[in-house]
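Structure record follows, encoded as structure tokens.
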Amino acid sequence: MLKRRSPPWGAIEAFIVASRRAASFKDAASQLALSPAAFSRRIQMLEEHVGVKLFNRIGQTPTLTAAGERYLQRLEPSYEAMRAATEWMAPDAERRALRLGVSQSFAVSWLVPRLPDFYQKTKGIELVIQTCADNVDLTGGAADLRILYGHGDWPNFTSQKLFDLQAFVVSAPMLMGGMPAPRSIEDLQDVPLLELIHPRNQWSEWLSQAGYTAPLREPRYFDSAQVMYEAASQGLGVALGVSPLVDSFLKSDRLQVAFNSVQPLSGAYHLAALPEVRRHPAVQTLWQWLINDPSCIAFPKLKSLAS
């Protein structure tokens, strides 16, 4: 029985570069210092190897096929893991800045206000904060250490829980069109619900925890907690407030808790890193600083509209 060979590294690299919003194969080829013809041969070689078409070549800008999207989702984390591990072996790895991957909303609401304390306590370690909208980008990115939302079960990563999460309904005092804010869980049937693309189904989870089973309308989706809470503060609907992401909106009274029902979420924020990177002294220092922050268990004083 013949064993199937692994795809050539050059073809994998070409596929990854072309998938990351390159304007054209010519543009992607220039990033790898290849001629357009040589770059196209690498893509063709990979498509022949996997036996499916990975790109639609209609128009100037190539787009991934459905098969290409699935392949990229499975392939990119391993590709970046190999790159990260190789970079740590470089002679100057001790002197470069640590790259911390985190969602933009979490960075703004929780991490950045604490950075002065980090720099004061850990002289000589510089950070590069890499932000994105969700865990897919974070696990696929080239960060050394990540703050991820989930259950701590990411393949190839070692992780440790940072803190659990609780959620409550938040709203502006008045919604668009003069609709009053909900004052009870039953009122949610009549108001627009705002929800994140990732993590999905938090409303379903929260309502189930609260023992409420009546069907509700389809939520309006956002890819950023900050944008979702800003929309809620403008009366576009009600959202699930999660500390620390919503804290600044509560403190400034742009949002208030609609009614007193706080439910735990199954997911939590975790620190995660590749095992070989986790052992690096600078990563260990950053890891311990994050874990030992006493504010990880802080919960804001809730001011309810219904009280």
Side-chain angles (χ1 to χ4, degrees), residues 102-113 133-135 147 149-151 162-269 295-307:
V102 60
S103 72
Q104 182 175 3
S105 297
F106 191 90
V108 171
S109 62
W110 189 86
L111 177 63
V112 171
D134 55 38
N135 282 2
I147 298 177
Y149 176 84
H151 301 91
L162 190 58
F163 51 83
D164 292 309
L165 296 177
Q166 294 178 301
F168 41 90
V169 179
V170 295
S171 172
M174 189 70 68
L175 305 184
M176 286 188 63
M179 180 183 298
R183 300 301 179 96
S184 68
I185 195 169
E186 290 76 16
D187 291 344
L188 294 176
Q189 296 185 70
D190 303 320
V191 300
L193 305 181
L194 310 182
E195 185 161 34
L196 292 172
I197 295 174
H198 179 85
R200 294 294 290 264
N201 301 321
Q202 283 193 327
W203 268 113
S204 297
E205 180 182 351
W206 188 90
L207 290 166
S208 177
Q209 291 279 6
Y212 189 76
T213 58
L216 299 179
R217 63 177 69 185
E218 178 69 16
R220 297 169 176 170
Y221 289 101
F222 297 80
D223 71 350
S224 164
Q226 280 188 303
V227 176
M228 180 182 69
Y229 292 139
E230 187 62 42
S233 74
Q234 300 298 320
L236 293 179
V238 299
L240 284 176
V242 176
S243 181
L245 306 184
V246 76
D247 290 3
S248 64
F249 289 85
L250 297 175
K251 291 176 182 176
S252 64
D253 289 329
R254 284 177 289 169
L255 288 173
Q256 292 183 337
V257 179
F259 49 87
N260 292 316
S261 181
V262 180
Q263 305 298 332
L265 297 178
S266 60
Y269 279 111
S295 62
C296 285
I297 59 174
F299 194 71
K301 184 178 181 181
L302 304 183
K303 178 181 180 181
S304 174
L305 284 165
S307 60

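We find the CZ-CZ distance between F259 and F168 to be 12.0 Å, quoted to the nearest 0.5 Å. Taken from CZ in R220 to CD in E195, the straight-line distance is 13.5 Å, to the nearest 0.5 Å. Interatomic distance, N201 CG to S208 OG, rounded to the nearest 0.5 Å: 11.5 Å. For the atom pair CG of L240 and CG of L245, the computed distance is 11.5 Å after rounding to the nearest 0.5 Å. The CD atom of Q234 lies 9.5 Å from the CG atom of L255; values are rounded to the nearest 0.5 Å. Once rounded to the nearest 0.5 Å, the distance linking CG of D253 with OG of S233 reads 12.0 Å.
Between L194 and V238, the closest side-chain pair of non-hydrogen atoms is not below 4.5 Å.
Every residue was checked against the salt bridge (Lys or Arg N to Asp or Glu O under 4.0 Å) condition with E186, not counting sequence neighbours, and none meets it. Taking P199 as the reference, Y149, L196, Q202 meet the side chain to side chain contact (heavy atoms under 4.5 Å, CB included) condition, with sequence neighbours excluded. Applying the side chain to side chain donor-acceptor pair (under 3.5 Å) rule to S109 yields no partners; only residues at least two apart in sequence or on another chain are considered. For M176, the side chain to side chain contact (heavy atoms under 4.5 Å, CB included) test picks out L236, with sequence neighbours left out. Scored by the side chain to side chain donor-acceptor pair (under 3.5 Å) test, Q226 finds no partners at all (sequence neighbours excluded).
For residues 196-213, the set of pairs meeting the salt bridge (Lys or Arg N to Asp or Glu O under 4.0 Å) definition, not counting sequence neighbours, is empty. Among residues at least two apart or in separate chains, salt bridge (Lys or Arg N to Asp or Glu O under 4.0 Å) pairs with a member in residues 227-246 are E230-R254. Contacts classified as ring-ring contact (aromatic ring centres under 6.0 Å, His included) and involving residues 224-252 (residues at least two apart or in different chains) are given here: Y229-F249.
Taking the six-membered ring where the residue is Trp, W110 and F106 present tilted rings, their angle falling between 30° and 60°.
Shortest non-hydrogen contact noted between P113 and A107 is CD-O, 4.1 Å. Pairing each heavy atom of L175 with each of P192, the nearest pair is CD1-CD, 4.4 Å. Residue S105 comes nearest to A225 through the heavy atom pair OG-N, 3.2 Å, listed as atom of the first residue, atom of the second, then distance. Residues A181 and A172 come closest through the heavy atom pair CB-O, 3.4 Å. L165 approaches S243 most closely through the heavy-atom pair CD2-O, 3.4 Å.
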Return a table of donor-acceptor pairs under 3.5 angstrom between the side chains of residues 209-219 and protein atoms on other chains or two or more places apart.
unit_1 : atom_1 : unit_2 : atom_2 : d
Y212   : OH     : Q189   : NE2    : 2.8
E218   : OE2    : Y221   : OH     : 3.1

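No side-chain donor-acceptor contact under 3.5 Å links W206 to the backbone of Q166. Looking only at distances, a side-chain donor or acceptor of D187 sits under 3.5 Å from a matching main-chain atom of R183.
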